[in-house]
2 protein chains.
Amino acid sequence: MSPGLHTIPARGGMAARVAKDQAVQIVNTHGQQVVDTWAFAADDPVEFMSMEHSRAAFRKAIPEIGDAYVTNRRRPILTIVGDSSPGVHDTLIAACDPHRYEQLGHEGYHENCTENLHAALDALDVKAPETPCPLNLFMNIAILEAGKLDWRPPVSRPGDAISLRAEMDCIVVFSACPMDLLPINGQDGEPTEAHFRVLD
Amino acid sequence: MSPGLHTIPARGGMAARVAKDQAVQIVNTHGQQVVDTWAFAADDPVEFMSMEHSRAAFRKAIPEIGDAYVTNRRRPILTIVGDSSPGVHDTLIAACDPHRYEQLGHEGYHENCTENLHAALDALDVKAPETPCPLNLFMNIAILEAGKLDWRPPVSRPGDAISLRAEMDCIVVFSACPMDLLPINGQDGEPTEAHFRVLD
């Protein structure tokens, strides 16, 4: 991956190879965009970042700076090394998919994070064995009393960024979530582009 | 599956075929046993009960009577139709596996829910495409302030039971969690058997 800023197109996905000890910084360029994020081990994508294993590792629903996401083999893969946003991200909710939009009443094709994941990997000639639960950067799912969940607009601001250090050679995938039927990408329901850079 | 009570052996797993509209009742016989639970579509196990899709469907971290778990294709698969326990179950934490016991300092082989899942399916000549995040019945993972998680003993009592109605023909799998290094199966750390029955 060349240095410099790469665009995650609005409603679209992007994948990048990141070497161990490099960091990837994801920028919420316009401030209200959720970025679904996955990571797969470069030498064997059957091993991937797993939200259910990570929550057991850091004992939190939402991790903080210094916490490491782990794989389905419980090895650290991405550590949060910086976060200029208020730190509100989500580990609980599946990526959107054609079924989701159909159930919300949309007719016809709709871009979705699940297909963005697999298309972005196709571009690198990599095949994911499944669709893991994503790390939903900047997504604001409030955990209320009795475990009730509430879908809310992001609390991040334009230019807020989170940096994740790779603990192994891996392939990271981002999808600028195309959800426009719920206010998860801001009250105006308008998905936007986001950006990322890989740092040595 | 014959009617009557079936034993999920302590530290072991069991799978059963359940027809649409039948219910499966899981009994916490001794009161302090976590039962990891999965469900796969009978005609195509690539479709299975998914915690991350279910949380989006019922908008809760922990569902209640009347809520339906859905599959990774967002179709209802198991609905909670009865629960005589205090209703404390977990949808957040991965099944234990050999890596988990190794990281907790155990040396040598240890029974685990992940291998129990696949062995129980093998007995029915079914192959799971992956290891989905389980529904951890009776498991007490408290969600504290700021999303911090705490591993606690079950609050269920001997004989407490939960009933799940099948919304499609499916294969359900149970593992009586063999964790004995954390007090998740009670303060005495002694995994026990549990039971289930299939009801027309």
Side-chain angles (χ1 to χ4, degrees), chain A residues 36 46-48 50-64 67 70-76 87-104 114 128-136 139 141-151 179 182 184, chain B residues 36 46-48 50-64 67 70-76 87-104 114 128-136 139 141-151 179 182 184:
Chain A
D36 284 38
V46 167
E47 181 172 7
F48 51 78
S50 164
M51 294 303 108
E52 58 262 32
H53 294 82
S54 295
R55 286 186 294 262
F58 41 62
R59 292 181 162 240
K60 297 169 193 169
I62 306 171
E64 299 162 289
D67 288 327
V70 303
T71 69
N72 52 334
R73 292 178 188 161
R74 301 188 191 262
R75 297 199 299 159
V88 175
H89 310 286
D90 170 71
T91 72
L92 301 181
I93 301 300
C96 60
D97 54 30
H99 313 293
R100 179 69 160 157
Y101 291 99
E102 186 185 328
Q103 291 181 354
L104 289 170
T114 298
E130 56 184 271
T131 302
C133 184
L135 161 59
N136 298 305
M139 184 163 165
I141 300 289
I143 304 175
L144 309 177
E145 206 177 350
K148 290 195 169 43
L149 305 177
D150 193 29
W151 272 237
M179 174 59 72
L182 297 170
I184 203 72
Chain B
D36 284 39
V46 168
E47 182 172 6
F48 51 78
S50 164
M51 294 304 105
E52 58 262 33
H53 293 81
S54 296
R55 286 187 294 263
F58 41 62
R59 292 180 162 240
K60 298 169 192 168
I62 306 171
E64 300 162 288
D67 288 327
V70 303
T71 68
N72 52 333
R73 293 177 188 162
R74 302 190 192 259
R75 297 198 302 157
V88 175
H89 310 286
D90 170 70
T91 72
L92 300 183
I93 300 301
C96 61
D97 53 31
H99 314 292
R100 178 71 160 154
Y101 291 99
E102 186 186 327
Q103 290 182 353
L104 289 170
T114 298
E130 56 183 271
T131 301
C133 185
L135 161 60
N136 297 305
M139 185 164 165
I141 300 289
I143 304 174
L144 308 177
E145 206 176 351
K148 289 198 168 42
L149 305 177
D150 194 29
W151 272 236
M179 175 56 74
L182 298 172
I184 202 73

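Predicted, not measured: the structure shown is a model, and the values here were computed from it. The sequence lines fix the lettering, A, B, ..., with proteins before strands; numbering per chain opens at 1.
In this structure, chain A has heavy atoms under 4.5 Å from both the backbone and the side chain of Leu92(B). With a 4.5 angstrom heavy-atom cutoff, Ala95(B) touches chain A only via backbone atoms.
Per-residue counts of heavy-atom pairs under 4.5 Å with chain B were compared for Lys60(A), Glu64(A), His53(A), Lys148(A); the largest is that of Lys60(A). Between chain B and the options Ile143(A), Asp97(A), Thr131(A), Thr114(A), the largest number of non-hydrogen pairs under 4.5 Å is found for Asp97(A).
The two residues Arg100(A) and Ala56(B) have their closest heavy-atom pair at NH1-O, 4.2 Å. Taking every heavy atom of both residues into account, Gln103(B) and Arg74(A) meet most closely at NE2-O, 2.9 Å. Counting all heavy atoms, side chain and backbone alike, His99(B) lies closest to Asn72(A) at CD2-O, 4.5 Å.
Under a cut-off of 6.0 angstrom, the local environment of CZ in Arg73(A) is crowded, with over 12 non-hydrogen atoms contributed by other residues, nucleotides or ligands. Summarising the local packing, CZ of Arg59(B) is surrounded by more than 12 heavy atoms from other residues, nucleotides or ligands at distances under 6.0 Å.
Within the model, atoms CE of Met51(A) and CD1 of Ile93(B) stand 12.0 Å from one another, a figure rounded to the nearest 0.5 Å.
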